Protein chains: 2
Amino acid sequence: MPYDKDEQSYLSQLGARIRKLRKAKQLSQEALAFEADLDRTYVSSVERGERNIAVLNLAKLARALGVEVSTLLQEE
Amino acid sequence: MPYDKDEQSYLSQLGARIRKLRKAKQLSQEALAFEADLDRTYVSSVERGERNIAVLNLAKLARALGVEVSTLLQEE
DNA sequence: CTGTGACTTTCAGTCCGTT
DNA sequence: CAACGGACTGAAAGTCACA
């Protein structure tokens, strides 16, 4: 198996899953940020895969999105 | 205030799950740290729930443990 | 082999904006 | 509404000596 997974693409995929769930909930980045008690610009950069998000913030986002944290990290 | 989930215990539980998986694999903290390319003392503090670990390190640990990242975050 | 405190460096995360 | 930039603060990353 491939030894090293590309970290940038890992974060990008995570961001894409978050974005998808957010849109499914019909929330704006601002609204999601408000629900998760995070900064609007931070949520934006997370969705774009630019941030190595910490697990507690991941939990906040999951709660705001109404899903389990493990769901956010489910790879296909 | 509403739904103020205890963050410390969240991290402790995460650490406990990691420890459990590590022991199931019969690895020492040192060995796991080596596999995950992390410091031994860092792994130690994660298992004790003292660190709000970021997703890329979570991914490293999951890979070293031979499980999915989502498995690490599965709550009971 | 593991826990711990102390420590420095890096970057997560906020806040002000503009496009 | 979203992307993005600059500047900043606090927290995560990462390491060490020693119990």
Side-chain angles (χ1 to χ4, degrees), chain A residues 3-67 69-70 72-73, chain B residues 1 3-67 69-70 72-73 75:
Chain A
Y3 167 62
D4 201 28
K5 184 147 197 171
D6 183 18
E7 303 190 331
Q8 291 303 336
S9 77
Y10 183 86
L11 294 180
S12 295
Q13 286 167 30
L14 171 57
R17 285 193 295 273
I18 290 171
R19 175 165 296 180
K20 193 173 172 184
L21 286 165
R22 174 176 64 79
K23 298 215 165 184
K25 281 263 174 180
Q26 305 198 60
L27 292 171
S28 66
Q29 288 181 350
E30 260 175 334
L32 174 58
F34 177 78
E35 293 295 333
D37 196 28
L38 291 171
D39 193 81
R40 159 181 75 80
T41 64
Y42 182 67
V43 171
S44 173
S45 59
V46 166
E47 287 192 355
R48 279 177 282 122
E50 294 184 348
R51 302 268 177 168
N52 181 15
I53 187 171
V55 69
L56 288 181
N57 280 341
L58 215 44
K60 283 186 183 180
L61 283 175
R63 187 170 55 200
L65 288 167
V67 299
V69 184
S70 56
L72 287 185
L73 293 164
Chain B
M1 295 313 271
Y3 59 92
D4 189 36
K5 186 156 193 173
D6 185 11
E7 304 190 331
Q8 291 302 337
S9 78
Y10 183 87
L11 294 179
S12 295
Q13 287 167 30
L14 171 57
R17 286 193 294 273
I18 291 171
R19 175 165 295 179
K20 193 173 171 183
L21 286 164
R22 174 175 64 78
K23 298 215 163 182
K25 282 262 174 181
Q26 305 199 62
L27 292 171
S28 66
Q29 288 182 349
E30 263 176 333
L32 174 58
F34 178 79
E35 294 294 333
D37 195 30
L38 292 170
D39 194 81
R40 169 185 77 76
T41 65
Y42 181 70
V43 172
S44 173
S45 60
V46 167
E47 286 192 355
R48 281 176 284 122
E50 292 188 346
R51 299 225 182 203
N52 180 16
I53 187 173
V55 69
L56 287 180
N57 280 344
L58 216 43
K60 282 187 183 178
L61 285 175
R63 186 172 56 203
L65 287 168
V67 300
V69 184
S70 57
L72 289 184
L73 292 165
E75 309 190 55

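For clarity, every value in this text was computed on a predicted model and none was experimentally measured. Reminder, nothing fancy here: chain letters follow the sequence lines and each chain counts from 1.
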query: What about A:S44: does its side chain form a donor-acceptor pair under 3.5 Å with the base of D:dC4?
result: no

From [options], nucleotide with atom closest to [X] side chain:
X	options	result
B:A54	D:dA12, D:dA2, C:dT4	D:dA12
A:T41	C:dT14, C:dT4, C:dT2	C:dT14
B:R40	D:dT15, C:dG17, C:dT2	C:dT2
A:N52	C:dT14, C:dA12, C:dT2	C:dA12

Does [X] make a side-chain N or O approach to OP1 or OP2 of [N] shorter than 4.0 Å?
X	N	answer
A:N57	C:dG13	yes
B:R22	C:dT2	yes
B:R51	D:dA13	no
B:Y42	D:dA13	yes

Mind calculating the distance between [atom1] ([X]) and [atom2] ([N]) to the nearest angstrom?
X	N	atom1	atom2	value
B:L14	D:dA12	CG	P	13 Å
A:D39	D:dG10	CG	P	15 Å
B:I53	D:dA11	CD1	P	18 Å
A:Q26	D:dC1	CD	P	13 Å

query: Is B:E47 touching bases, backbone alone, or none of the nucleic acid, heavy atoms closer than 4.0 Å?
result: nothing

- request: Give one of base, sugar-phosphate or nothing for B:S45, where a contact means two heavy atoms less than 4.0 Å apart.
  value: nothing

query: What distance separates B:I53 CD1 from B:L14 CG, expressed to the nearest 0.5 Å?
result: 7.0 Å

- request: Go through the side-chain N and O atoms of B:R40 and B:S44 and say whether any donor and acceptor fall under 3.5 Å apart.
  value: no

task: Kindly determine whether A:V43 and A:F34 satisfy side chain to side chain contact (heavy atoms under 4.5 Å, CB included), including the steps that lead there.
output: CA-CA 10 Å; A:V43 171; A:F34 177 78; over 6 Å; no

query: Heavy-atom distance under 4.5 Å between the side chains of A:L73 and B:L72, does that happen here?
result: no

